[in-house]
Amino acid sequence: MKVLIRRRIASGKPDIAEVARELGMSERTLQRRITEHGTSYRALLDEARRDLGRRLPSDGQNGIDEIAFLLGFQDTSSFYRAFRAWEGVTPAQWRSLH
């Protein structure tokens, strides 16, 4: 499921209904299964964004503005705040360390 969410992030905001449809189930069924695993769709989405957010700055191919856009953040400042909360450093600092 995380793979589907990551793919959907790049194409826009990954809606739970779209992910459910791609998995061949209803949105409610997907929500129940996610809850059974002790998490939420929002938590899975945040985890996928974090995974991609860690990978993209380290490859050096994309600017921070572009990464923020690709991850579905409204602006670069929101991405900076989220990244700092995830990693304790800014994306630029992360990039220089990795």
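This is a predicted model, so every value here is computed, not measured.
Residue Ile9 comes nearest to Ala48 through the heavy atom pair CD1-CB, 3.8 Å, listed as atom of the first residue, atom of the second, then distance. The shortest non-hydrogen separation linking Ile64 to Arg95 is CD1-NH1, 4.2 Å. Looking at every heavy atom in both residues, Gly53 comes nearest to Trp86 through CA-CZ3, 4.4 Å. In terms of heavy-atom proximity, Val19 sits nearest to Tyr41 at CG2-OH, 3.5 Å.
To the nearest 0.5 Å, atoms CZ (Arg6) and CG (Leu44) are separated by 10.5 Å. How far CD1 of Ile34 is from OG1 of Thr39: 7.5 Å, rounded to the nearest 0.5 Å. Atom CG of Leu52 is separated from atom CG of Leu71 by 6.0 Å, given to the nearest 0.5 angstrom. The distance from atom CG of Asp75 to atom CZ of Arg81, rounded to the nearest 0.5 Å, is 6.5 Å.
Of the candidates Arg21, Arg8, Glu27, Ile16 forms a side-chain contact (heavy atoms from CB on, under 4.5 Å) with just one, namely Glu27.
For the pair Arg49 and Phe79, the cation-pi criterion (under 6.0 Å, within 45° of the ring axis) is not fulfilled.
Checking side-chain atoms of Gln93 against main-chain N and O of Thr90 turns up a donor-acceptor pair under 3.5 Å. Listed for the Trp94 side chain is no donor-acceptor partner under 3.5 Å among the backbone atoms of Glu87.
Ion pairing between Arg42 and Asp46 holds under the 4.0 Å rule for side-chain N and carboxylate O.
Between the side chains of Arg32 and Thr35, no donor-acceptor pair of N or O atoms lies under 3.5 Å.
No more than 12 heavy atoms of other residues, nucleotides or ligands shown are found within 6.0 angstrom of CZ on Phe69.
Residues Leu45 and Pro14 have side chains in contact (heavy-atom distance under 4.5 Å, counting atoms from C-beta outward).
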